[in-house]
Amino acid sequence: MKKIALLLLTVLTVATAFAQEKYDIQRDIAYTDGKGMSEYRADRCKLDVYYPTDRQGFKTLVWFHGGGLEGGNKEIPNELRRAGFAIVAPSYSLFPKGKCPEYIEDAAAAVAWTFKNIEKFGGDPTQIYVAGHSAGGYLTLMLALDKSYLARHGVDADAVKAYYPVSGQTATHYTIRKERGIDQRLPIVDEFAPLNKARILNTELVLITGERKLEMMARYEENLYLKSILEGVGNKEITIHEMSGFDHGSVLVPACDLIKRYIKR
């Protein structure tokens, strides 16, 4: 009983400490210079920075919103607020005004901006993490596995401390199939499929999905296959979390809690 009481006291003390932290947010920061871009795309390439103001050297999570590459806007999930780290929340181009691979290029530019600028807010540029839900999970996977997108900005994809895609597609995203007039139910594995970019990682990748029977079609199975392929090319065991009882939308809450625990390690 004494051990349980001590554990509860410790948890409450930590939770209270985080609750008392002071945070600020700066909104609508352009993460590209807009050169060569359409007015629409330049307007979409904005991000918010939510960060602690009473400490230095904090970790930072870049969070990509979902929406099928057709909807959504930059967001900071409530479950990730006041967690002891900063959150960079970008918007990015959306179909049909945006076209492949602009979605991925925008995501890479936002992560590169974070590496180059988070120190100005007090963050540690060596402690940057990337995550996202659904379409955001797909973008997270593409940046993790296809190093060319971040390399164009002088950033090594393995410099990201860890990637946490939530319910991301590992085949070519169905909206990219839609652009080509391909049935969205038919899996395609080409240069825009994380599966096609499997490589040996020098960073951490944790796969998270809802329960296989509740998730979107084949979403868990695609992630399980990616795990097998990554291990097959020489990676040590890739962790996958199947969140029992949660579907594609509701998985976001427990996934955020899991991501917080990973980052706080």
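Taking 4.0 Å as the cut-off between side-chain N and carboxylate O, Arg27 and Asp48 count as a salt-bridged pair. Under the 4.0 Å criterion applied to side-chain N and carboxylate O atoms, Arg177 and Asp183 are not assigned as salt-bridge partners. Ion pairing between Glu102 and Lys97 fails under the 4.0 Å rule for side-chain N and carboxylate O. Salt bridge absent: Arg199 and Asp146 never bring a charged side-chain N and a carboxylate O closer than 4.0 Å. Checked for salt-bridge contact, Glu191 and Lys197 miss the test: no charged N lies under 4.0 Å from a carboxylate O. Remark: Asp106 engages Arg41 in a salt bridge, criterion side-chain N to carboxylate O under 4.0 Å. Glu231 and Lys236 are not joined by a salt bridge, as no carboxylate oxygen comes within less than 4.0 angstrom of a charged side-chain nitrogen.
Annotation for Glu119: atom CD does not count as buried by contact number, only 12 or fewer foreign heavy atoms lying within 6.0 Å. Annotation: Lys161, atom NZ; neighbour count of heavy atoms from other residues, nucleotides and ligands within 6.0 Å does not exceed 12. More than 12 heavy atoms of other residues, nucleotides or ligands lie within 6.0 Å of OH in Tyr40, so this atom counts as buried by the packing criterion.
In this model, a donor atom of one side chain and an acceptor atom of the other lie less than 3.5 Å apart for His248 and Ser134. Checking Thr203 against Asp158 by side-chain atom types alone, no donor-acceptor pair falls below 3.5 Å. Inspection of the Glu75 and His65 side chains reveals no N or O donor paired with an N or O acceptor under 3.5 Å.
Evaluation of the side-chain hydrogen bond (donor to acceptor under 3.5 Å, both in side chains) rule for Asn223 yields no partner, not counting sequence neighbours.
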